[in-house]
Amino acid sequence: MIHLPLVRQGPLRALAVRLAMALLLVLSAVTIVYVDRAGYRDVNDDGLTLLDCFYYAVVSLSTTGYGDITPATQSARLVNVLFITPARVLFLIILVGTTLEVLTDQYRRGLRISRWRRKLKDHVIICGYGTKGRAAVAALLETGYDKTRIVIVENRAAAVRQATANGFVVIEGSATRSSVLLEADVKNAKSVIIATDQDEASVLITLTVRQLTAGQVRIIAAVREQENAALLKQSGAHHVIVSSSTAGRLLGLTTTAPPLIDVVEDLLTPGQGMALAMRSAERAEVGRNPRELSTLVVALIRRGKVLPLGGEKVVTIETGDLLVYIRADEAASAGVAL
């Protein structure tokens, strides 16, 4: 099931409001008739009880009108003209309006889904909206990625509600199922980020995505255990991040070299002063040593491989290289933050 971002109150709430209005009309009619019950006559000529007043109000507002209870005095007839008849019309409007609202809502939702599908291309699919999934979404938004090009796949009701409330399109269901991934238009996606809490599910999702896309869509997966990283690579993941190993390394750095962890946190946290960024090499930089540039280049990416800049070997910039550098986070930059 596709959940689009919320833009209005839910249909159940709208239905409850209309039901309350209809009930208020009935109670108002019952009160007025009961107060003036002496002006009404029924077929038994024994007067109107409270139940009779409810009965008369319901059959009158619903336009059934059996005629077994009728207004006999001028005051009762005046009340029918001034209140019962307008209330009857309003009651019908509420009932018909509720039906039209439900049908219109379904039609509008269908149009929104069709419009969304037509615009969906080169999007990022996030499988799992837990801690890792939310962090991945936050990182995408920090780099200026359009929120409308992010699709969440989640099967937990609470996470679905949270993602929808945050303004994301959510496909409710398990990402291990081909039908759910096809609903997210995985074949036209730019990349798939797998951020589930179970390594077994991550492997199965990776295999499913690779089968559906023939390996044409970039797959980034996170695993908890280092021993499962190789399995994910074999399953078709282009990049694998071991969360437990990364956390352990950071804990070790905190113990042995506390200042280093501060630098790492500064680089990874937006708005802290420094940030990693990446850009294409300019024509004037081709043939130069990255260390000679005004920007602090920490790595070169050439044909998908990272080239180390340390050691005695001199590395020069070639056409098509990507430069990974450190920039001031608060300064405007044309580079893409990592």
Side-chain angles (χ1 to χ4, degrees), residues 2-3 5 120-156 158-176 180-181 183-186 188-210 212-213 217-226 228-229 232-233 235-250 264-272 275-278 301 324 329 335-338:
I2 300 177
H3 295 263
L120 192 64
K121 189 177 181 181
D122 292 335
H123 55 290
V124 176
I125 299 175
I126 310 291
C127 299
Y129 198 66
T131 302
K132 291 180 288 187
R134 291 193 299 270
V137 169
L140 289 172
L141 297 179
E142 288 160 6
T143 60
Y145 207 84
D146 190 356
K147 179 182 288 189
T148 60
R149 294 173 58 195
I150 298 176
V151 179
I152 309 296
V153 178
E154 179 61 72
N155 59 354
R156 296 173 299 169
V160 169
R161 290 193 298 270
Q162 182 179 4
T164 305
N166 291 339
F168 298 102
V169 175
V170 184
I171 310 296
E172 185 175 3
S174 174
T176 60
V180 174
L181 292 174
E183 282 283 339
D185 200 8
V186 67
N188 293 318
K190 179 181 181 181
S191 58
V192 177
I193 297 177
I194 303 174
T196 62
D197 295 329
Q198 297 180 345
D199 291 358
E200 297 82 358
S202 298
V203 173
L204 185 54
I205 295 172
T206 301
L207 290 171
T208 306
V209 172
R210 189 183 68 173
L212 294 175
T213 63
V217 174
R218 182 181 296 274
I219 303 174
I220 303 101
V223 292
R224 299 173 63 89
E225 302 298 335
Q226 178 69 47
N228 294 325
L232 267 172
K233 286 279 190 178
S235 301
H238 297 83
H239 302 282
V240 178
I241 299 173
V242 183
S243 57
S244 60
S245 176
T246 302
R249 290 174 183 269
L250 294 177
V264 174
E265 289 183 348
D266 196 336
L267 290 173
L268 297 180
T269 305
Q272 293 295 320
L276 287 174
M278 182 177 66
I301 300 178
V324 180
D329 195 33
V336 179
L338 296 179

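Note that CG of Asn166 is 11.0 Å distant from CD1 of Ile150, once rounded to the nearest 0.5 Å. Taking CG of Asp185 as the reference point, atom CG of Leu212 lies at 11.0 Å (rounded to 0.5 Å). Separation of atoms CD1 (Ile194) and NZ (Lys132) is listed at 10.5 Å; rounding is to 0.5 Å. Taking CG of Leu204 as the start and CG of Asp199 as the end, the distance is 12.5 Å to the nearest 0.5 Å. Note that CD1 of Ile152 is 9.0 Å distant from SG of Cys127, once rounded to the nearest 0.5 Å. The CZ atom of Arg134 lies 12.5 Å from the CD1 atom of Ile126; values are rounded to the nearest 0.5 Å.
The backbone N or O of Tyr129 sits less than 3.5 Å from a side-chain atom of Glu154, completing a donor-acceptor pair. Judged purely by atom type and a 3.5 angstrom limit, Lys233 uses its side chain to pair as donor or acceptor with the backbone of His238.
The nearest pair of heavy atoms linking Gly173 to Val153 is O-CG1, 3.8 Å. Residues Ala184 and Leu120 approach most closely at O-CD2, 3.9 Å, considering heavy atoms. Between Ser235 and Val203, the closest heavy-atom pair is OG-CG1, 3.5 Å. What you find for Ala189 and Val217 is that their closest heavy atoms are O-CG2, 3.6 Å. Residues Ser202 and Thr196 come closest through the heavy atom pair OG-OG1, 2.6 Å. Taking both residues in full, the closest heavy atoms of Ala195 and Gly133 are given as CB-N, 3.7 Å, listed atom of the first, atom of the second, then distance.
Other residues, nucleotides and ligands contribute over 12 non-hydrogen atoms within 6.0 Å of the CZ atom of Arg149. Applying the 6.0 Å contact sphere to NZ of Lys121 captures no more than 12 heavy atoms from other residues, nucleotides or ligands.
By the 4.5 Å heavy-atom criterion applied to side chains, Lys190 and Tyr145 are counted as neighbours. Contact annotation: the side chain of Arg218 never approaches that of Val192 to less than 4.5 Å [non-hydrogen atoms, C-beta and beyond]. Side-chain contact between Asn188 and Asp122 is absent, with no heavy atoms from C-beta onward closer than 4.5 Å. Looking at heavy atoms from C-beta onward, Val151 lies out of side-chain contact with Val170 at the 4.5 angstrom threshold. Counting heavy atoms from C-beta outward, Leu140 and Val124 have side chains that approach closer than 4.5 Å.
Of the listed residues (Val242, Val223, Ile205, Leu207), just one forms a side-chain contact (heavy atoms from CB on, under 4.5 Å) with Leu232, and that residue is Val223.
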